[in-house]
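Notes follow once the structure below has been shown.
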Amino acid sequence: MKNFAEIDLIAPLQRALADEKYEIPTPIQAQTIPAALSGRDVLGCAQTGTGKTAAFALPILNRLGEHQPRSKPNSPLVLVLAPTRELAIQIGDSFATYGKHLPLKHVLVYGGVSQHSQVNALNRGAHILVATPGRLIDLMEQGYIHLNLLQVFVLDEADRMLDMGFLPDLKKIIKQLPEKRQSLFFSATMPPKIVELSQRLLANPISVNVTPEKTSVERIEQQVFFVERNGKRELLKKILTKPDVDRAIVFSRTKRGANMLAQKLLLGGIKAAAIHGNKSQGARQRALEAFRTKQIDVLVATDVAARGIDIDGVTHVVNYDLPTEPESYVHRIGRTGRAGAEGLAISFCTSEERQDLIAIEKLIGQKVPLAPGQPAPQPVSEESTSASPQRRSGRNSRSGRSGQGQSRAGQAATTSGSQRTAGRGSTEASATDGKPKQRRRRKGTRGRQQSGQATG
Ligand code: AMP
């Protein structure tokens with residue numbers, strides 16, 4: 001494969017890539033960057049961990065960096081839409097990292113925090129706006145954002161946005177986009193609604209399809225322990241105190257469970273913190289930063305909170321509780337083994353969770369190997385099979401109330417580019433703006449967001 005030096009990127013970007021020690025473009029980058037540089041629309045099917053952020057950020061920065069247009073107040077040239085504040089912050093960080101030798105500015109816009117600093121940043125002018133849909137529409141309606149000068153539009157994690165009920169917002173935003181623009185569209189999956197949306201947005205796109213989820217799963221070593229509920233905590237402690245555990249993410253099904261587990265680990269002398277949807281934006285960012293900088297070794301997370309966590313060097317993922325949605329398993333274990341590194345994903349499975357494991361194995365097309373030295377479990381009985389759906393529907397009926405609000409909440413503005421060097425931690429976390437917008441949840445489906453919300 002080509003290396004970055006062979007891709008036609010301007011010198012300040014090449015320097016930033018060298019600073020980051022990126023040499024070889026990932027497959028999505030190798031295919032997307034040249035197409036986007038030539039001005040084509042792109043339809044990318046890729047999940048996080050594939051390097052898709054740089055795949056769109058680099059051509060955008062190249063385009064702006066070549067001409068270095070002045071930023072105009074309230075009128076960004078580039079809009080990147082992301083489903084969650086966490087992802088928006090990560091995308092902002094990526095623009096700051098790759099664009100650090102360029103005099104370009106970006107602004108982050110997301111709900112749940114005061115809009116004041118975001119509005120100020122927009123008034124000062126920024127080239128790139130990274131936003132979640134709810135706050136973007138709020139600020140557009142208040143006249144703080146105009147999209148008439150937009151040159152490039154990026155929709156990231158489109159399937160997740162639809163899962164979260166953002167389709168009406170997306171439609172509103174799309175209506176405001178200028179006809180003449182470049183659009184880059186990314187989604188981990190391509191269900192019919194996403195295909196329809198992409199057709200509405202894109203003109204003669206190049207399709208890029210990389211790493212179907214199975215492939216990335218195959219790279220990660222997996223193990224399962226058959227353990228009952230009362231044995232989980234002890235087993236977890238045993239695993240986490242092994243010397244090869246450098247950074248671990250432990251997944252809990254519920255927020256309460258995540259809190260309790262983090263506390264117990266702390267009491268047992270393991271440096272851990274919990275991250276979930278009930279935590280404030282500031283608390284979540286602090287926990288992530290502590291994990292990133294190795295002040296803590298273990299992050300106990302729920303599915304929603306862990307989505308898109310972009311931290312390299314996670315050596316272990318532990319599914320303390322198995323997810324009820326098999327797709328979540330793939331997302332969870334993808335937190336390790338990022339950017340080609342090796343990782344170990346360990347799952348605990350109680351007799352109650354056996355059906356969940358079977359569903360996971362069906363999805364990934366392989367058996368999760370038994371952890372070394374473990375006895376094989378009893379075969380699953382008819383009885384446990386028939387008990388499972390009830391348990392599942394029970395979970396789903398409890399699901400959801402709080403996760404959604406947080407996806408549109410707690411967001412802040414920051415300028416970046418050459419002024420911003422740290423790249424992280426400069427976001428602010430403050431009071432809510434009193435406008436949490438609950439979305440009506442779809443009934444009767446077991447969409448993956450439902451269990452996500454339940455735990456997020
Ligand atoms: P993403 O899929 O954009 O979330 O990126 C996944 C991770 O891969 C991030 O931590 C990036 O910093 C890293 N990464 C992206 N592109 C490359 C590359 N070409 N070489 C090495 N690491 C990369």
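We're numbering straight along the sequence, starting at 1. For ligands, and for the atoms within them, numbers begin at 1 and follow the listed sequence.
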Counting from 1 in the order shown, the ligand 1 atoms closer than 4.0 Å to a non-hydrogen atom of Thr53 are 1 (P), 3 (O), 4 (O)

Considering residues at least two apart in sequence or located in another chain, which fulfil the ring pair (Phe, Tyr, Trp, His ring centres under 6.0 Å) criterion with Phe56?
Phe186

From the options Phe186, Tyr22, Tyr98, select the one whose nearest heavy atom is closest to atom 22 (N) of ligand 1.
Tyr22

Ignoring hydrogens and angles, state whether a donor on the side chain of Gln182 or Arg63 is under 3.5 Å from an acceptor on the partner side chain.
yes

Shortest non-hydrogen contact from Val330 to Leu363?
CG2-CD2, 3.6 Å

Can you name the residues that form a ring pair (Phe, Tyr, Trp, His ring centres under 6.0 Å) with Tyr320, not counting sequence neighbours?
Phe348

Close-contact set for ligand 1 against Ile24 heavy atoms, below 4.0 Å
18 (C), 19 (N), 20 (N)

Mind checking whether Gln29 has an N or O less than 3.5 Å away from an N or O of ligand 1?
yes

Atoms of ligand 1 close to Thr50 [distance to a heavy atom under 4.0 angstrom, numbered from 1]
2 (O)

Roughly how far, to the nearest 0.5 Å, is the OG1 atom of Thr336 from the CD1 atom of Ile249?
8.0 Å

Find all atoms of ligand 1 within a distance of less than 4.0 Å from any non-hydrogen atom belonging to Phe4, and give their numbers and elements.
19 (N)

If you compare Gly334, Gly313, Gly51 by their heavy atoms, the one closest to atom 2 (O) of ligand 1 turns out to be Gly51

Taking every heavy atom of Gly92 against every heavy atom of Leu108, the minimum-distance pair comes out as CA-CD2, 4.0 Å

Pairs of nitrogen or oxygen atoms closer than 3.5 Å, one from Glu23 and one from ligand 1: do any exist?
no

